Asker: 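One structure, pasted below without further comment.
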Amino acid sequence: QVQLVESGGGLVQAGDSLSLSCAASGRTFSDYFIGWFRQAPGKAREFVAGIQRNARTTSYPNSAEGRFTISRDNAKNTVYLQMNNLKPEDTAVYYCAARYWALSGTAPGDFGSWGQGTQVTVSS
């Protein structure tokens, strides 16, 4: 299994930007499809971005398209999530997750490794 640790969360105002990082250790990082998810209180965990092992192919739901950008640096074993024009409804705990030797994944059950999460709070 790969171990994941998120960082970069915080309190920001609506319209601000924030960059999250997910550092991996353990097994070969480049063997994993990586996803970012978020979970707000009382809501289900939802997919917000994914990136393939090659670091070129990315995927987003409609809610994140154009505002969120996922990237990865396999040499640094790190995935990033750049979030722009943040809205109060983006407030949630953000998690990164890894899926071994996969090309895609949007359901939480697809992923075998998870970080502990980092809180993002957007005030209006």
Side-chain angles (χ1 to χ4, degrees):
Q1 292 285 10
V2 64
Q3 289 77 47
L4 304 171
V5 178
E6 303 94 336
S7 61
L11 172 64
V12 298
Q13 292 187 332
D16 285 351
S17 298
L18 201 60
S19 181
L20 306 182
S21 298
C22 172
S25 61
R27 296 188 65 174
T28 305
F29 178 65
S30 58
D31 286 347
Y32 291 84
F33 176 89
I34 302 295
W36 279 98
F37 290 77
R38 67 185 180 188
Q39 188 165 21
K43 294 188 176 182
R45 192 166 295 190
E46 64 172 341
F47 173 79
V48 296
I51 189 165
Q52 289 189 2
R53 304 189 304 272
N54 61 14
R56 293 191 296 271
T57 304
T58 59
S59 54
Y60 305 92
N62 289 340
S63 60
E65 191 77 52
R67 296 192 302 125
F68 292 5
T69 302
I70 188 172
S71 60
R72 70 190 290 170
D73 185 337
N74 287 336
K76 295 183 177 179
N77 290 351
T78 303
V79 173
Y80 307 94
L81 183 67
Q82 176 67 39
M83 303 184 293
N84 298 326
N85 189 24
L86 283 163
K87 306 175 182 180
E89 52 264 40
D90 294 318
T91 295
V93 178
Y94 283 70
Y95 301 88
C96 63
R99 188 181 187 193
Y100 181 70
W101 210 250
L103 294 177
S104 64
T106 59
D110 292 337
F111 293 77
S113 299
W114 291 83
Q116 83 290 348
T118 185
Q119 176 71 47
V120 172
T121 303
V122 184
S123 63
S124 57

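The basis for the numbers below is simple: all heavy atoms, side chains too, and nothing from hydrogens, waters or symmetry mates. For this chain, numbers begin at 1 and follow the sequence in order. All values derive from a computational prediction rather than experimental measurement.
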Asker: Search all heavy atoms of Arg67 against all heavy atoms of Asp90 and return the closest pair with its distance.
Answerer: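 Smallest interatomic distance, heavy atoms only, reads NH1-OD2, 2.8 Å.
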Asker: In this structure, would Val12 and Tyr94 fall into the same cluster of hydrophobic residues linked by side-chain contacts under 4.5 Å?
Answerer: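 Yes, because Val12 and Tyr94 connect within a single hydrophobic cluster, where side-chain heavy atoms sit under 4.5 Å apart.
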Asker: As an exercise, state the distance from CD1 of Ile51 to OG of Ser59, rounded to the nearest 0.5 Å.
Answerer: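 So the CD1 of Ile51 and the OG of Ser59 are separated by 9.0 Å.
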Asker: Is there side-chain contact between Val120 and Leu20, with at least one heavy-atom pair below 4.5 Å?
Answerer: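 Yes, their side chains come closer than 4.5 Å.
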Asker: Working to the nearest 0.5 Å, report the span between CG of Leu81 and OG of Ser21.
Answerer: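 The distance works out to 9.5 Å.
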Asker: Do Thr78 and Phe29 make a side-chain contact, defined as non-hydrogen atoms from C-beta onward lying under 4.5 Å apart?
Answerer: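 Thr78 does not reach Phe29 side chain to side chain.
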Asker: State, yes or no, whether a side-chain contact exists between Leu4 and Cys96 at a heavy-atom distance under 4.5 Å.
Answerer: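 Side-chain contact under 4.5 Å: yes.
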Asker: Hydrophobic cluster membership, with links at side-chain heavy-atom distances under 4.5 Å among I/L/V/M/F/W/Y: are Tyr100 and Trp36 in one?
Answerer: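 Looking at the clustering, Trp36 is in the same group as Tyr100.
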Asker: Side chains of Tyr60 and Thr69: closer than 4.5 Å at any heavy-atom pair?
Answerer: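 A side-chain contact under 4.5 Å exists here.
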Asker: Nearest 0.5 Å please: distance from the SG atom of Cys22 over to the CZ atom of Arg72.
Answerer: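 So the SG of Cys22 and the CZ of Arg72 are separated by 9.5 Å.
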Asker: What is the minimum heavy-atom distance between Gly26 and Gln3, and which atoms define it?
Answerer: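 Nearest pair, atom of Gly26 first, then Gln3: CA-OE1, 3.6 Å.
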Asker: Report the residues that fulfil side chain to side chain contact (heavy atoms under 4.5 Å, CB included) with Ser17, sequence neighbours left out, ordered by chain and then residue number.
Answerer: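 For Ser17, the residues satisfying side chain to side chain contact (heavy atoms under 4.5 Å, CB included) (neighbours in sequence not counted) are Gln82, Asn84.
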Asker: Compare all side-chain heavy atoms of Met83 with those of Val48 and state whether any distance is below 4.5 angstrom.
Answerer: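 Side-chain contact under 4.5 Å: no.
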Asker: Give me the atom names and distance for the closest heavy-atom approach of Ser124 to Ala14.
Answerer: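 It is CA-CB, 4.3 Å.
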Asker: Give a yes or no on whether the backbone of Gln52 and the side-chain of Arg56 come within a donor-acceptor separation of less than 3.5 Å.
Answerer: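 It does not hold such a pair.
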Asker: Output the distance between atom CZ (Arg99) and atom OH (Tyr32), rounded to the nearest 0.5 Å.
Answerer: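 If I round to the nearest 0.5 Å, the distance is 12.5 Å.
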Asker: Of all heavy-atom pairs between Ala49 and Pro61, which one has the smallest distance, and what is that distance?
Answerer: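 Nearest heavy atoms, Ala49 then Pro61: N-CD, 4.3 Å.
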Asker: Kindly give the cluster partners of Leu11, where membership spreads through any ILVMFWY side chain lying under 4.5 Å from a current member.
Answerer: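 Other cluster members: none.
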Asker: Quick check for you: to the nearest 0.5 Å, what is the distance between Thr57 atom OG1 and Ile70 atom CD1?
Answerer: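 So the gap between those two atoms works out to 11.5 Å.
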Asker: Tell me, with the steps shown, if Gln119 and Thr91 meet side-chain contact (heavy atoms from CB on, under 4.5 Å).
Answerer: CA-CA 8 Å; Gln119 176 71 47; Thr91 295; 4.0 Å; yes
Asker: Count I, L, V, M, F, W, Y as connected when their side-chain heavy atoms are under 4.5 Å apart, and connections chain through other members. Are Val93 and Leu86 then in the same cluster?
Answerer: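 The answer is no; the residues belong to distinct hydrophobic clusters.
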Asker: Calculate, to the nearest 0.5 Å, the distance between atoms OG and CD1 belonging to Ser113 and Ile34 respectively.
Answerer: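 Reported value, rounded in 0.5 Å steps: 8.5 Å.
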Asker: So, Gln116 side chain and Val5 main chain: donor-acceptor pair closer than 3.5 Å or not?
Answerer: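 No; judged by distance alone, with no hydrogens or angles, the pair does not exist.
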Asker: Under a 4.5 Å cut-off applied to non-hydrogen side-chain atoms, are Tyr95 and Gln39 in contact?
Answerer: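 Contact flag for Tyr95/Gln39 side chains = yes.
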Asker: Determine whether Arg53 and Trp101 make a side-chain contact, defined as any pair of heavy atoms from C-beta on separated by less than 4.5 Å.
Answerer: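 Side chain of Arg53 against side chain of Trp101, heavy atoms only: contact under 4.5 Å found.
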Asker: Are Phe111 and Phe37 packed together at the side-chain level, in the sense that at least one heavy-atom pair is separated by less than 4.5 angstrom?
Answerer: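 In short, these two side chains touch, coming nearer than 4.5 Å.
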